[in-house]
Amino acid sequence: MKSYSLGDIAGQLNLQLIGDPDCPIKGLGTLASAGAGEISFLSNSSYLGQLASTSASAVIVEARHADAAPTSVLIAEHPYVAFAHLSQLFAELPSVEAGVHASASVAASASLGEGVCIGANAVIEDDVEIGANSAIGPGTVVGRGVRLGENCRLHAQVTLYHGVQIGSRVTVHSQAVIGADGFGFAFDGTRRVKIQQLGSVQIGDDVDIGAGTTIDRGAIEDTIVEHGVKIDNQVQIGHNCYIGAHTVICGCTAIAGSARIGKYCILGGASGMVGHLSLADGVQVSAMSLVNKSITEPGTYSSGTGQMKTADWKRAIVRFQQLEGIVRRLKELEKLVGADD
Amino acid sequence: MKSYSLGDIAGQLNLQLIGDPDCPIKGLGTLASAGAGEISFLSNSSYLGQLASTSASAVIVEARHADAAPTSVLIAEHPYVAFAHLSQLFAELPSVEAGVHASASVAASASLGEGVCIGANAVIEDDVEIGANSAIGPGTVVGRGVRLGENCRLHAQVTLYHGVQIGSRVTVHSQAVIGADGFGFAFDGTRRVKIQQLGSVQIGDDVDIGAGTTIDRGAIEDTIVEHGVKIDNQVQIGHNCYIGAHTVICGCTAIAGSARIGKYCILGGASGMVGHLSLADGVQVSAMSLVNKSITEPGTYSSGTGQMKTADWKRAIVRFQQLEGIVRRLKELEKLVGADD
Amino acid sequence: MKSYSLGDIAGQLNLQLIGDPDCPIKGLGTLASAGAGEISFLSNSSYLGQLASTSASAVIVEARHADAAPTSVLIAEHPYVAFAHLSQLFAELPSVEAGVHASASVAASASLGEGVCIGANAVIEDDVEIGANSAIGPGTVVGRGVRLGENCRLHAQVTLYHGVQIGSRVTVHSQAVIGADGFGFAFDGTRRVKIQQLGSVQIGDDVDIGAGTTIDRGAIEDTIVEHGVKIDNQVQIGHNCYIGAHTVICGCTAIAGSARIGKYCILGGASGMVGHLSLADGVQVSAMSLVNKSITEPGTYSSGTGQMKTADWKRAIVRFQQLEGIVRRLKELEKLVGADD
């Protein structure tokens with residue numbers, strides 16, 4: 001159980017403290033749930049009411065809200081970012097110890113940097129290079145010729161296919177698969193002929209990849225994920241996609257092959273994107289929306305109908321399917337009453 | 001190959017038998033496909049025609065349908081529930097033998113209850129506690145400090161992250177991941193700062209979790225799945241969700257973080273739910289529908305348009321996107337003909 | 001690095017060559033990206049402009065486009081199919097060596113054909129039969145009694161549950177799960193009673209299965225995937241589905257139980273299909289569309305609304321939800337102006 005004095009936290013996060021520097025802080029909490037010895041934050045003014053009644057021992061707030069807090073206060077320009085940094089002080093990830101577990105299978109030709117940890121039953125194939133201080137989880141399989149940078153963390157049971165290249169400070173969660181074959185077949189009139197996927201996958205630095213996510217290798221050229229991209233669980237990225245730097249892809253999103261996504265985009269959960277389309281920088285796509293045309297301007301885009309009671313919805317979709325006829329009737333009427341000019 | 005006399009089955013299921021108690025039953029079948037030596041059931045009156053012509057040796061029916069059956073009959077209040085119990089008599093799951101496979105890697109500090117089975121190449125990390133008669137499949141990884149109850153079954157290649165807590169009689173299918181990091185980053189204007197996920201996951205008793213499903217650990221507090229919840233394959237449950245008891249979540253459903261779902265809900269396949277929303281008890285969501293507002297009353301809810309021939313659909317979506325203009329034209333007309341009051 | 005003379009390639013693919021047979025070819029490229037020593041193809045006339053300016057050393061084209069190419073030419077009836085065959089000449093998959101890795105766990109009762117390769121930490125349970133020249137990747141688990149044909153490739157960390165039957169020349173990518181329990185419970189008014197899934201899964205010859213895909217075992221009878229079916233990543237196929245020969249299922253598609261899909265269908269990415277429905281042969285479903293009624297005629301089918309700017313979309317969905325009222329107002333108007341006959 002980690003504990004810090006409030007003054008110590010202020011120092012580490014480089015924030016101004018108003019209150020008791022000796023106050024011990026043992027954990028984090030929401031404004032509503034935090035108690036004595038815990039620290040919280042306010043990043044959204046709509047929670048000002050909760051700030052007033054919080055039982056936290058300290059809160060991180062913008063300067064303009066300092067007076068509203070009934071507790072010790074740390075002043076931050078961006079309280080949510082400060083809270084993110086703070087969360088790292090309290091992380092209690094199981095430590096990983098450098099060294100190769102006796103049950104792991106590591107090829108003689110593999111090259112392991114200093115401080116590398118290889119977990120139980122992991123498999124490291126020929127000609128793999130793993131940078132310093134990277135940790136490979138139990139059961140993870142790293143295919144032939146993979147290059148992995150420094151300070152990476154592959155959790156348990158990740159699969160990296162042969163030849164995949166990954167930068168530094170990359171986290172990959174369990175059951176993610178990077179570098180499986182892209183989905184390419186040529187139909188000869190009777191059956192589908194496999195198109196060998198001769199490209200690979202390149203992942204930049206500071207990328208996070210969620211559990212169960214799949215990123216396919218390219219058909220001819222590589223699939224590319226740029227620096228700082230954050231990918232949630234169960235996302236599918238098809239072959240030859242290009243994902244621009246610092247883009248965020250929420251869970252269960254499906255991106256078909258050869259999509260080209262700009263920088264600083266946000267794809268909402270379970271959204272989709274048809275193949276060979278492109279998104280400009282700064283595009284946001286709403287949850288469960290399908291991108292079926294390229295988007296050239298930043299902004300938010302959506303599809304779908306919004307939820308309804310099923311009985312009402314059943315009537316609405318009948319009407320949706322009649323829309324062409326409804327517009328025809330409207331035109332007829334406009335003509336009849338002379339409103340069609 | 002298991003076999004029972006019909007009388008034996010009646011006894012075990014506590015059902016009234018009309019017919020031959022000595023009739024041997026070797027398997028189950030649908031009304032349409034079952035043959036001699038097989039037993040079927042009728043739970044939906046629309047299959048009464050199939051009942052009349054079934055070749056099964058016995059059928060489970062409600063009392064009111066007993067006369068309609070051409071075979072021996074077991075009378076049940078709920079034939080489908082009786083059939084479910086019956087299916088358990090015929091299950092031929094490979095037996096699992098207590099003991100630790102020689103190739104498994106079990107930490108010295110792990111505590112295994114009586115009758116526990118640890119499969120080949122499984123990894124049990126420090127301070128894990130596994131209750132009596134639980135079986136851990138081949139290649140499964142159980143992270144540091146996990147607590148698992150009695151009579152659980154983790155199939156092959158499941159991943160439980162550190163600190164996850166699971167009740168008794170829980171089944172988890174292959175490639176499911178419980179306790180990976182929730183998806184939380186604070187944007188500092190240039191890059192995304194990781195918010196450490198300091199919570200864990202709590203799973204109740206009698207929960208089933210499907211293959212490839214992911215349930216993320218909480219940011220501050222825990223993600224919670226209550227007793228009796230049934231989760232199908234490839235479902236994503238974000239951090240800090242609360243899933244009420246006996247709720248059913250069908251395959252490929254995506255639930256964003258901090259969703260709060262009531263008891264006895266049913267989320268249809270590939271449905272979705274935006275974060276921070278809540279569902280009352282007893283809500284049902286249709287397949288591939290998105291919940292984008294909280295739902296406070298039980299009932300069924302849907303979104304989407306229903307399928308059409310693509311050529312017709314292309315016209316309909318043009319009209320959909322013109323709906324605002326269509327309504328404006330309608331208002332104009334109403335004004336023109338004096339129908340706008 | 002593989003290399004062939006152009007004449008050698010023409011001979012192996014049985015194509016007419018116009019140009020220099022001694023020209024060395026070291027790789028493949030797109031028309032736009034290929035350089036000296038690389039070969040490309042034209043399968044879509046809209047890229048004729050790129051053909052004219054390509055720097056490739058050779059291109060595969062239809063006879064009618066031979067004159068338009070500035071390079072050596074291979075004439076093919078179907079250039080894309082020829083390119084698929086060509087890609088196989090250049091594939092550099094890591095070779096797999098026959099034999100059982102020392103760390104694999106293979107039951108004494110398992111039967112391995114000639115040339116079989118069992119990777120590191122793989123688990124082969126009792127009574128498994130594996131046909132000649134099949135390769136089992138590292139960490140893959142093959143359950144009791146599985147039958148696998150010849151020349152199959154299971155990549156790393158695949159899970160096959162007990163009793164699954166798979167034909168020859170089948171490829172399964174990492175983290176795919178075949179034969180997990182179908183999702184079946186009978187509600188007894190309080191809780192869900194498990195229906196044991198007594199069927200299995202049958203996969204035909206020449207099937208490809210993508211990473212993270214799940215195919216459930218049947219409740220009573222088997223789930224069936226016919227010859228030549230191609231399944232992309234993260235697809236879910238429910239219990240008792242029947243997938244007709246040579247059908248293609250794109251990534252993230254969710255198919256509920258007991259669906260019956262014809263031959264030569266194409267299900268677009270992230271599409272869905274409600275249970276117990278059927279598709280005729282030759283049906284195509286668009287990306288992210290839901291099949292909610294059976295389809296009896298070949299053709300393309302779609303659902304959804306198409307993307308819009310979110311601000312416009314918010315107005316459109318309000319109108320969508322008012323469609324019943326809009327049509328009522330239209331009828332009123334028609335009555336008022338005498339257009340309702």
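Chain letters run A, B, ... following the sequence lines, proteins first, then strands; residues in each count from 1.
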Legend entry - Part of B:E332 lying under 4.5 Å from any heavy atom of chain A: neither
Legend entry - Ring geometry between A:H246 and A:Y264 (parallel below 30°, tilted from 30 to 60°, perpendicular above 60°): parallel
Legend entry - Side chains of B:D188 and B:R191 in contact at under 4.5 Å (non-hydrogen atoms): yes
Legend entry - Segment of B:I220 engaging chain A (4.5 angstrom heavy-atom cut-off): side chain
Legend entry - Heavy-atom proximity to chain A below 4.5 Å, by part of B:A256: neither
Inset, instruction - Measure B:V274 against the heavy atoms of chain A and call it side chain, backbone, both or neither at under 4.5 Å. - result: side chain
Inset, instruction - Let me know if B:A122 has heavy atoms under 4.5 Å from chain A in its side chain, its backbone, both or neither. - result: backbone
Inset, instruction - Using a 4.5 Å cut-off on heavy atoms from C-beta on, say whether the side chain of A:L86 contacts that of A:Q12. - result: no
Legend entry - Donor-acceptor pair between B:E125 and B:H162 side chains, under 3.5 angstrom: no
Inset, instruction - Pick one of side chain, backbone, both or neither for B:A176, based on which atoms fall under 4.5 Å of a heavy atom in chain A. - result: backbone
Legend entry - Under 4.5 Å from any heavy atom of chain A - which part of B:T190: both
Legend entry - Minimum side-chain heavy-atom gap B:Q236-A:D232 below 4.5 Å: yes
Legend entry - Under 4.5 Å from any heavy atom of chain A - which part of B:L290: both
Legend entry - Per-residue contact mode, B:E221 against chain A (heavy atom under 4.5 angstrom): side chain
Legend entry - Contact class of B:I326 relative to chain A, heavy atoms under 4.5 angstrom: both
Inset, instruction - Identify which part of B:S174 has an atom lying under 4.5 Å from any heavy atom of chain A, answering side chain, backbone, both or neither. - result: neither
Legend entry - Toward chain A, the part of B:L198 with a non-hydrogen atom under 4.5 Å: side chain
Let me have the donor-acceptor pairs involving side chains of residues 138-145 of chain B, under 3.5 Å, with sequence neighbours excluded, atom names and distances please.
{"residue": "B:T140", "atom": "OG1", "partner": "B:H155", "partner atom": "O", "Å": "2.6"}
{"residue": "B:T140", "atom": "OG1", "partner": "B:Q157", "partner atom": "N", "Å": "3.0"}
{"residue": "B:T140", "atom": "OG1", "partner": "B:V158", "partner atom": "N", "Å": "2.9"}

Inset, instruction - State, with a plain yes or no, whether a side-chain heavy atom of A:H85 is found less than 4.5 Å away from one of B:V193. - result: yes
Legend entry - B:I255 versus chain A, the contacting section by heavy-atom distance below 4.5 Å: neither
Inset, instruction - Would you please go through residues 292-304 of chain B and name the residues with a non-hydrogen atom below 4.5 Å from one of chain A, in numerical order? - result: B:N292, B:K293, B:S294, B:I295, B:E297, B:T300, B:Y301, B:S302, B:S303, B:G304
Inset, instruction - Side chain from CB out, backbone as N, CA, C, O: work out which of these in B:V283 comes under 4.5 Å of a heavy atom of chain A, or both, or neither. - result: neither
Inset, instruction - Assess the pair B:F187 and A:Y80: is the distance between their ring centroids shorter than 6.0 Å? - result: no
Inset, instruction - May I ask you to say whether B:D181 pairs ionically with B:K194, meaning some side-chain N is under 4.0 Å from a carboxylate O? - result: yes
Inset, instruction - With the side chain counted from C-beta on, respond yes when B:I249 and B:I243 share a heavy-atom pair under 4.5 Å apart, and no when they do not. - result: yes
